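One-based numbering, in listed order, for ligands and for the atoms of each. Given the structure is predicted, the values throughout are model-derived calculations rather than measurements.
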Amino acid sequence: MPETHAQIRRWHLYPTAEDLVAHAAAAIGRIAAEAIARRGDFHFVLAGGSTPIAIYARLRDLDCDWSAWHIYIGDERCVGPEHPERNSRMAEEAWLRHVPIPAGQIHPIRGELGPARAAADYAALLASVPRFDLVTLGLGEDGHTASLFPDHPWGVEADAPATLAVTDSPKPPPERVSLSARALSQAPQVFFYVAGAAKRDAVARWRRGEGIPAGAIRPANGVDIWVDEAAWG
Ligand code: 6PG
């Protein structure tokens, strides 16, 4: 569990964001194929924000068994489903509306219910999920990930809930739902996508081992951080 062992970090450096996108999309396809071959389905937690958009767009071209994909999201803003700030809308537009994943296998966080109800609603859903095969995350300039922010609860404890209701996010909008650090750590593979010079300070702090929220994600197999040279510094 997150509080019992140090974070194992593997850094993967790419010259450009375009290189990162190409390799990340290929890795997702490979992990999906392996999971489907082994267990018949693939349970994938999406990252929010803007960095993953190009990766999701690249996934449209995957040659795979879309009927075996199950989609979740690591955090959501408490705005309507069609709001431009909505992570699920971003993923739909970039990728999901272009591939035949069964609608019943795409599980957005119902942020329109408000933080508390949406967090409880999604925790109830997650209770029926057999496992996550891949969790993907972004990194904020302050070191946040999903909607786990500095000086806020991260849910690292062994008995932490699967989801957290956020009402005062420093990154607008203020009301969000986030999977907890404990829930986000429950996967054999956890990828972070980090691109652009704006993330340089957060990456440097992470590399120094400072206590940023991204450092609280501590799966047993460690995390793989996909970073471009602009963010690496
Ligand atoms: C969110 C995201 C958040 C994001 C980082 C990086 O809902 O805001 O989940 O954690 O991943 O803030 O965002 P960018 O990729 O847009 O830089």
Checking a contact table here: which protein heavy atom is nearest [atom], and how many Å away?
{"atom": "atom 9 (O) of ligand 1", "value": "Asp75 OD1, 2.6 Å"}
{"atom": "atom 16 (O) of ligand 1", "value": "Ser50 OG, 2.6 Å"}
{"atom": "atom 17 (O) of ligand 1", "value": "Lys199 NZ, 2.6 Å"}
{"atom": "atom 5 (C) of ligand 1", "value": "His144 NE2, 3.4 Å"}
{"atom": "atom 4 (C) of ligand 1", "value": "Lys171 NZ, 3.9 Å"}
{"atom": "atom 15 (O) of ligand 1", "value": "Thr51 OG1, 2.6 Å"}

Side chain Asn221, main chain Gln189, donor-acceptor under 3.5 Å: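 Looks like no, no N/O pair under 3.5 Å.
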Thr163 side-chain N/O to Ser180 backbone N/O, donor-acceptor pair under 3.5 Å: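 No, the answer is negative, given that no donor and acceptor are paired below the 3.5 Å cut-off.
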Closest heavy-atom pair and its distance - Gln7, Ala214: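 Smallest interatomic distance, heavy atoms only, reads NE2-O, 2.9 Å.
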Closest heavy-atom pair and its distance - Cys78, Gly114: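 Scanning both residues completely, I find the closest heavy atoms to be SG-C, 3.8 Å.
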Within-4.5 Å side-chain heavy-atom neighbours: Phe44 and Ile101: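 No. Closest side-chain heavy atoms not under 4.5 Å.
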Between [Y] and [X], is the closest basic N to carboxylate O distance under 4.0 Å?
{"X": "Asp133", "Y": "Arg131", "value": "yes"}
{"X": "Arg89", "Y": "Glu93", "value": "yes"}
{"X": "Arg86", "Y": "Glu112", "value": "yes"}

Are any of the heavy atoms in [X] under 4.0 Å away from ligand 1?
{"X": "Glu141", "value": "no"}
{"X": "Ala146", "value": "yes"}
{"X": "Glu76", "value": "no"}

Geometric class of the His152/Phe149 ring pair [parallel <30°, tilted 30-60°, perpendicular >60°]: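 Correct class here is perpendicular.
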Can you list the ligand 1 atoms lying under 4.0 Å from a non-hydrogen atom of [X]?
{"X": "Gly138", "value": "11 (O)"}
{"X": "Arg77", "value": "1 (C), 7 (O), 8 (O)"}
{"X": "Arg176", "value": "1 (C), 7 (O), 8 (O)"}

Nearest candidate to atom 6 (C) of ligand 1, where distance is taken over non-hydrogen atoms, out of Leu139, Asp142, Val194, Thr145: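 Looking at heavy atoms only, Leu139 sits closest to atom 6 (C) of ligand 1.
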